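Because only heavy atoms are used, hydrogens play no part in the values below, and waters and symmetry mates are left out as well, while side chains stay in. Since the model is a prediction, treat every value here as computed from it, not as a measurement. Here is how names work: the chains are called A, B, and so on, in the same order as the sequence lines, proteins then strands, and each is numbered from 1.
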Number of protein chains: 2
Amino acid sequence: MGKGDETRQTILDEALALCSQVGVSGLSIGSLADKAGMSKSGVFAHFGSKEELQIAVMRESQQRFVDIVVRPALKAPRGIARLRAIFTNWLDWTERARLPGGCPMNAAAQEFDDQPGPVRDAVEAGLADGHRLLANAVRMAIEAGELRPDTDIDQFVFEFTGLTLANMQSKRLFKDRDANRRALDAFERLVRDYSPQGKE
Amino acid sequence: MGKGDETRQTILDEALALCSQVGVSGLSIGSLADKAGMSKSGVFAHFGSKEELQIAVMRESQQRFVDIVVRPALKAPRGIARLRAIFTNWLDWTERARLPGGCPMNAAAQEFDDQPGPVRDAVEAGLADGHRLLANAVRMAIEAGELRPDTDIDQFVFEFTGLTLANMQSKRLFKDRDANRRALDAFERLVRDYSPQGKE
DNA sequence: ACAAAAAACGAACGGTCGTGCTAAAAAGCC
DNA sequence: GGCTTTTTAGCACGACCGTTCGTTTTTTGT
C-alpha cells in the first residue's frame, strides 16, 4: 500500500516524540493531530481507537530501541565487548532516537503496571523482549569464557537494567552530567565481579 | 485548627493511594472526591488548584517514605547494618504504605522530568532529600570503617537507587517473585565491593 | 444557646477528551 | 480521463476536566 501507511508512519513518529514527553496515557488524539498537521478524525481513522494507538506506539518504540541499541551492538564481537556496546548505546538511546522526553516504554511500564489490558501486555512484551536479547548477550559472554560459568544470567540482567534506570533518573530529573560516567563505572564493576579472573 | 485539617488529611490519604495507581497527572479531582465521599468543590476548596493538590501529594508521599523507610532504620547501628535496613525497608515500602500502585514519587519523576514548574520542583526536592539521607548513611558507614575511605558516596547512592528501581519494575511489571532476593543479592555484592577487606 | 467562622455542597462555565457519522478530497487502477 | 477505493475533513455527541460562585450545612468560640 501507499499513502496510508506513509502518513501512518508520520503520525507514529510524532506520537512517539509526544508520548515520550506526556506519557502514553497523557497522549491525546487532538494534540497529536495538531503536531501532525491533520484533523482529529483523520488521525483517529488510522488506529480505530485510542488503545490501538497506544499499542502501536509501544510497538514502534520497541522496534526503534532494537534498531538503535541492539542492532548496532551486534557489530561488536560476542562477549563483554558486545555487552558494553549494548550498555553504552542504551545510556543515551532516547537522545539518538529524538525522543525528547525519555523512554516511552519505561514510562508506560510505570503507568500501566497495575492496569491490566492489551496496552500493559504490549509494554510487558516489549520490555521482556529487551531482557531476552540482553540475556542472550550475557549467555554468549559466558560461553566465550569472559564471564564465570555459574553467572546467574537473570541476576546480571536485573542489575544491568537497574543501572539504565538509575541513569535515566539521574540524567533526566537531576540533570546530572556525570550520570553516564557513573553508569559506566558501575557497569565495569559489574562485569569485573562476574568475570572469571576477577575477585573471589 | 480542627475539622478542616482532619478531612484534608483524609483526602490526602486517598489521593496518595489513587495517585499511586493513575499517576500524579492522571489523578483527577472528581474521582478523588468520589473516593473520599465528598463533593468535587469540597475537595477543591482544600487545595485551591490542582497543582497545589499535586504538590501536597508529593510532600505527603515524601513524608510517608521517611516514616516507613528511613526512620525505622535509624534503630539499626550506624554502618552497613543501617544501610541494609534502609534497603530492605525500601524494597517493599509501597506495600507497607498501602500504596497499591507503587511509589508515587518515582512515577511522578518520570511524568514531570521535562515539565518545569512547582510540581517538578517538589518531586526533585523529595527525591533529592532521599538521596541526601542515603548519602549520610553511607558516610557513616565509611566513618565506621565498614566501607572503604575512598568510597565515592554519590556513586554508591547511584547504584543503590538503581537496585530499588529495578526491583520495582521487576516486581510490579513482571510480577517476579524473586525480585526482592535479586535486589538483596545485588546489595550484598555492592557492599562487598566497597568494603575495606573485600576484593581488590 | 447563639452568633461568627469555617467547611462542604450543588450547579454551572468553557474546554478537551474519545468516538461516531457523513461528506469531500485524494490516490490508485483501467 | 473516468471510476472505484482509500484517505482526510467537518461536525456533533456525551462524558469528564479544572474552576468559580452563591448557598447551605457544620463546626467553633463565648
Without decimals, in angstroms, what is the distance between A:L53 CG and C:dC17 C1'? 14 Å
Angle class for the B:W90/B:F160 ring planes (parallel below 30°, perpendicular above 60°, tilted otherwise)? tilted
Of the candidate nucleotides D:dT8, D:dT19, C:dC17, which contains the atom at the shortest distance from the side chain of A:S39? D:dT8
Rounded to whole Å, the CZ-C1' distance (B:F47 to C:dA8) equals 14 Å
Give the rounded distance in Å between these two atoms: CZ of B:F44 and P of C:dC13. 18 Å
Do you know which two heavy atoms are closest between A:Q115 and A:R120, and how far apart they sit? O-CB, 3.4 Å
Whole angstroms only, please: what is the CE-P distance between B:M38 and C:dA7? 11 Å
Rounded off to whole Å, could you give me the NZ-to-P distance for the B:K50 and D:dC16 pair? 15 Å
Expressed in angstrom and rounded to an integer, what is the separation of B:L32 atom CG from C:dA8 atom P? 13 Å
Think A:H46 has a side-chain N or O under 4.0 angstrom from the OP1 or OP2 of D:dT6? no
Side chain to side chain donor-acceptor pair (under 3.5 Å) for A:H131 and A:T161? Distances and angles first, verdict last. CA-CA 8 Å; A:H131 285 201; A:T161 58; 4.5 Å; no
Is there a side-chain contact between B:S41 and the phosphate of C:dA8, meaning an N or O under 4.0 Å from OP1 or OP2? no
Would you indicate what B:L27 reaches in the nucleic acid, counting non-hydrogen atoms under 4.0 angstrom: base, sugar-phosphate, or nothing? sugar-phosphate
How about NZ on A:K175, more than 12 heavy atoms from neighbouring residues, nucleotides or ligands closer than 6.0 Å, or not? yes
Atom CG of B:D34 and atom P of C:dG10 are separated, to the nearest Å, by 12 Å
Base, sugar-phosphate alone, or nothing: which one does A:A45 contact when heavy atoms must sit under 4.0 Å apart? base
Heavy-atom check, side chain of B:L12 versus side chain of B:F47, under 4.5 Å: yes
If you find the nucleotide of DNA chain C closest to B:T7 and the one closest to B:K40, which residue's nucleotide is nearer the 5' end? B:T7
Let me know the distance between CD1 of A:I29 and C1' of C:dG20, rounded to the nearest Å. 12 Å
